[in-house]
Structures are given as structure tokens and as C-alpha cells.
Amino acid sequence: MEEQNVKALGEDRILPLIVRYSMPSIVATIANALYNVVDRIFVGRALGEDALAGITVCFSPTLFLLALAMTIAHGSATLISIKLGEKDKSGAECVLGQAVFLFFVFYIFAAGVMLTFMSPILDFLGATEKIKPLASSYYTIIISGLIFEKISYGINNLIRAEGRPVYAMSIILTGVIANIFLDWLFLFVFGWGIEGAAIATVMAQAMSSLLVVYFYFGGKSYLRIRLQNIRVRIPLMVSMVYAGSPSLIIQGLSSASVMMFVRQARFYGSESAIAIIGISMTITAFIFFPVVGLSMGIQPIIGYNWGAENLRRVRATYINALWMGTAICTGGFVVAQIFPDVIFSMFLGSESNLIPMGEQALRLMTLCFPLVGVNIITSGYFQSIKRPIVSIMITFLRQAIFLVPLLFILPKWFGINGIWGSFAVSDFLAFSFTLCAGIRELILLNRRIIA
């Protein structure tokens with residue numbers, strides 16, 4: 001990062017700065033979500049409902065592995081932002097080297113476990129005998145290329161943390177464009193089936209990874225990957241895990257929720273219900289991912305100014321982000337409520353018998369979406385200032401305390417509609433807690449500013 005980019009975090013006007021940092025992050029997270037959207041559209045159109053169900057079963061372990069990667073990525077990104085705010089460049093480079101080392105160790109371990117125990121893992125996740133071969137074929141290829149995802153997404157977070165959000169966005173966009181083209185080529189031209197969708201994803205992520213490598217070894221970065229920093233530093237690793245622990249909890253609980261979601265849908269429905277889950281969760285993720293991008297975009301701003309003890313800028317960034325996140329979620333809510341038939345037709349074709357069930361599912365799942373922005377932004381805020389306990393609580397209450405019991409209770413009264421509705425109820429309950437935590441934090445900030 002050039003020196004003026006560092007200074008901008010502490011000196012530029014807040015709203016333009018949020019837009020500058022968040023828009024690339026929003027585009028990047030939307031683009032990252034498009035990997036799932038594109039795969040499901042092409043797979044649904046080319047291979048049908050069973051193939052969609054097979055990919056959906058793989059979504060839960062994907063989220064779990066993402067949780068581990070995000071712990072490293074977000075934890076190290078938070079520490080880098082704070083180190084730069086403290087004018088400690090060498091400390092930031094130590095964090096960068098530790099992150100690179102951990103990503104490669106993580107890949108070796110995760111790939112070994114998943115490939116060795118693929119069959120029992122898919123059984124546990126709810127795969128039926130009908131869709132298990134499809135899920136296994138797809139996920140074996142995805143896991144084999146997992147290192148490219150960790151480079152293109154995980155290390156890419158560190159590029160944004162050192163003040164280069166546009167370059168970070170371009171890396172993700174390159175992968176998405178490549179994925180769209182390769183999906184079309186492998187599925188509709190070559191006819192490679194579900195394996196073609198997996199190969200397209202891995203190859204696209206490999207292309208993005210090349211841009212990450214070029215950034216750090218082509219002289220474009222402010223921070224340098226130095227050989228002496230690529231090793232284990234226990235105190236630093238503990239700090240990274242602590243700072244990134246909300247991501248571990250958030251995505252880990254999401255993984256568990258998806259798994260229970262699939263298993264409950266299998267019990268109350270069939271492979272068709274699992275396919276509906278895959279599409280519904282893809283769309284809901286696509287709606288709230290822009291808010292995740294906003295949350296990611298403000299973290300360097302909040303982290304830097306927290307390290308520099310400029311609390312007025314911390315407060316202004318948080319408040320502006322809350323309004324922006326709520327507006328994004330409200331827009332997604334309107335689209336999901338008015339056009340669910342159009343959305344499902346994109347994946348299944350207008351003649352599919354699943355569209356009526358899909359419409360009902362999507363409308364129920366997004367019923368409280370206007371409230372979700374406050375949850376995501378507030379969780380990201382507490383993570384940025386190294387207070388992950390509150391961030392964890394926001395997610396833990398929604399995913400574990402509220403959602404999981406509701407997934408088992410509501411279907412007994414309302415059948416499969418109870419499964420869809422459990423998401424809206426848990427969103428509302430989590431919002432109630434988050435609102436209290438956010439108001440309390442603003443009061444404390446105001447007192448420190450006045451003092």
C-alpha cells in the first residue's frame with residue numbers, strides 16, 4: 001500500500017471512503033456468490049433436479065471449510081489493518097507470512113480428511129442413494145483444487161486489508177467470468193456432466209490465484225511475503241484465531257444449519273426438496289452477500305481508526321454502514337417477494353413442477369430480510385475492533401439458539417413450510433439482540449469521544 005492509501009483511512013471523508021472500500025468488496029462478494037449461482041443454473045438446466053440436489057448436499061462441508069479459511073483470512077486482515085494504523089509495517093508483514101503458511105497447512109489437512117472419508121461424510125450430510133454418486137463426483141474434484149480457493153479468496157482478503165480493494169475485486173471478477181464461460185463450455189459443448197461443473201470452478205479459481213501470486217511477487221504490494229515470516233509464531237497465531245473467531249463461528253454454525261436443513265428437508269420432502277434448498281439458499285446468499293461485502297469493506301477503515309484512536313471516524317463508519325446494509329437487504333427482500341417464480345425459472349425452466357414449492361420457500365425464508373443488515377454490519381464491527389465475543393454471540397444466537405430448535409419444532413406444526421419459516425423467525429429474534437448490543441456500543445463510543 002502506498003503511503004497515501006494508508007493516510008486515506010484516517011483522513012478522507014467517511015462516506016466516500018466507505019464507498020471506495022465497500023463497492024469493490026460488494027462486487028467481489030457478489031462475484032464470489034456467482035460461483036454458486038452459475039454452477040446451479042448451468043447444472044439445473046443441463047443435468048436436472050437430482051444434480052442440483054447433489055451439489056446442495058456438498059454445500060454444508062463447503063461452508064465448514066470456508067469457516068476455517070475465513071478464520072485465517074479475516075483474523076489476519078484485522079491484525080494487518082490495526083498494525084498499519086499503528087505504523088508497524090514489519091508487524092503487518094509477519095501477519096501476512098503467518099497467514100500464507102497456515103493456508104497451505106490447512107489445505108493439506110482438509111483435502112486429506114475429505115478425500116479419505118468422502119462416502120461416510122456424504123451419508124451423514126443427508127445424501128440419498130440416488131444423488132450420492134453425483135455429489136461424490138462433484139466434490140472430489142472441488143476438494144482436489146481447494147488450494148486455489150484459499151489463495152483466490154483467503155489471501156485476497158489481505159490485499160484489501162492493505163488498501164487495494166479494486167485489485168482484490170478484479171481478482172474475483174476474473175474468476176467469475178472464467179467460471180461462466182467454462183461452465184457453458186464443459187456442460188453444453190463438451191457434455192462433461194457434473195464433473196464439468198466442478199472442473200470449471202477449480203480452473204476459474206486457479207486463474208484468480210495467479211493474479212494473487214502476481215500481486216505479491218510482481219512488485220505491486222506494499223507488504224512483502226518474506227521467507228523468514230512463513231513459519232509458525234504461536235502468539236501471533238493465537239491472536240489471528242482470536243480476531244478471526246467470529247468468522248469460524250459464523251460459517252461453522254451456517255454449515256451445521258445447512259446440514260440440518262438438508263436432513264430435515266429429506267425427512268419431510270425428497271430429493272426435490274433438497275434441490276429447492278439449494279436454489280433458495282443460493283438466492284438468499286446472493287441477496288445478503290452485498291452486505292457481507294459492505295461489512296468487509298468497512299473493516300479496514302474501522303480497524304485503522306480504532307488503532308489510531310480516532311473514535312469519531314469509527315462511530316461515523318459504523319452508523320453509515322448500518323443504513324447502507326439495511327437498504328441493501330430491503331431491496332433484496334422486495335425482489336424475492338415479488339419475483340420468486342422468475343428466479344426459480346432461471347434454474348429449472350418455466351415448466352418445472354417445483355416452481356410453486358420454490359416460490360413459497362423463498363418468500364418465507366426472506367420474510368425478515370430487512371433486519372439482517374443490522375446483524376451482519378454489527379457483527380463485522382465488533383470483529384474489526386478485536387471484540388469477537390459479541391460478534392460471535394450475534395451469530396450463535398441466530399444459528400444455534402434460535403434456528404436449530406426452530407428447524408425441529410416448526411415442521412411438526414407446519415410441515416415443510418415450517419422449515420422455510422424458521423429462517424425468518426430466527427432472523428427477527430437475532431435482530432432484537434443485535435439492536436440492543438449496537439445501541440449500547442454507540443452510547444459507550446459517545447462517552448469516550450466526549451471524555
Side-chain angles (χ1 to χ4, degrees), residues 25 28-29 31-36 58-81 95-115 121 139 141-161 168 171-172 175-176 179 198 201-202 204-213 215-216 225 230 232 236-259 285 289 292-293 295-296 299 379-380 383 388 391-392 395 399:
S25 300
T29 52
N32 199 49
L34 278 174
Y35 277 112
N36 287 326
C58 300
F59 194 44
S60 177
T62 297
L63 285 177
F64 178 72
L65 295 178
L66 182 63
L68 298 177
M70 287 177 69
T71 303
I72 302 170
H74 291 176
S76 54
T78 297
L79 293 183
I80 285 174
S81 295
V95 176
L96 174 62
Q98 178 77 108
V100 171
F101 175 81
L102 290 177
F103 273 123
F104 278 91
V105 171
F106 164 70
Y107 164 70
I108 294 170
F109 175 77
V113 171
M114 294 299 298
L115 293 175
I121 287 174
Y139 209 48
I141 296 171
I142 293 294
I143 289 296
S144 299
L146 189 66
I147 186 61
F148 298 121
E149 182 192 51
K150 302 318 162 196
I151 295 173
S152 63
Y153 177 76
I155 299 179
N156 191 30
N157 274 274
L158 309 186
I159 295 176
R160 186 179 59 256
I171 291 172
I172 299 296
V176 170
N179 192 40
T201 297
V202 171
Q205 291 170 346
M207 294 179 189
S208 296
S209 298
L210 289 176
L211 293 178
V212 174
V213 173
F215 177 80
Y216 281 109
I225 297 178
I230 303 178
V232 174
L236 180 57
M237 186 169 62
V238 171
S239 295
M240 287 171 58
V241 172
Y242 180 75
S245 57
S247 297
L248 176 64
I249 302 299
I250 291 168
Q251 294 299 323
L253 289 174
S254 294
S255 173
S257 298
V258 171
M259 179 193 68
F289 263 31
V292 174
S295 178
M296 292 165 62
Q299 285 184 20
S379 178
Q383 187 171 357
S391 182
I392 290 171
T395 301
Q399 300 280 16

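Note that this is a predicted model, so its numbers are computed, not measured.
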I need the [X] [atom1] to [Y] [atom2] distance, nearest 0.5 Å.
| X | Y | atom1 | atom2 | value |
| --- | --- | --- | --- | --- |
| Y139 | L146 | OH | CG | 7.0 Å |
| F104 | I151 | CZ | CD1 | 4.5 Å |
| T201 | I142 | OG1 | CD1 | 4.5 Å |
| L96 | I159 | CG | CD1 | 9.5 Å |

task = Show your working on side-chain contact (heavy atoms from CB on, under 4.5 Å) between L102 and M240 and close with a plain yes or no.
result = CA-CA 11 Å; L102 290 177; M240 287 171 58; 4.0 Å; yes

Using a 4.5 Å cut-off on heavy atoms from C-beta on, say whether the side chain of [Y] contacts that of [X].
| X | Y | answer |
| --- | --- | --- |
| L158 | V95 | no |
| I155 | Y216 | yes |
| V212 | F215 | no |
| L79 | S239 | yes |
| M114 | L65 | yes |

ask   = Among all residues two or more places apart in sequence or in another chain, which pass the side chain to side chain contact (heavy atoms under 4.5 Å, CB included) test with L211?
value = Y167, I171, T174

key: Partner residues of F109 under the side chain to side chain contact (heavy atoms under 4.5 Å, CB included) criterion, sequence neighbours left out   = V113

key: Over all atoms of both residues, closest heavy-atom pair of A69 and F103   = O-CE2, 3.6 Å

request  = List the atom of G380, the atom of S295, and the distance in Å for their closest heavy-atom pair.
outcome  = CA-OG, 3.3 Å

note = Applying ring pair (Phe, Tyr, Trp, His ring centres under 6.0 Å) to Y107 and not counting sequence neighbours gives none

message = Taking S152's backbone N and O only, do any of them form a donor-acceptor pair with S208's side chain (distance below 3.5 Å, no angle check)?
response = no

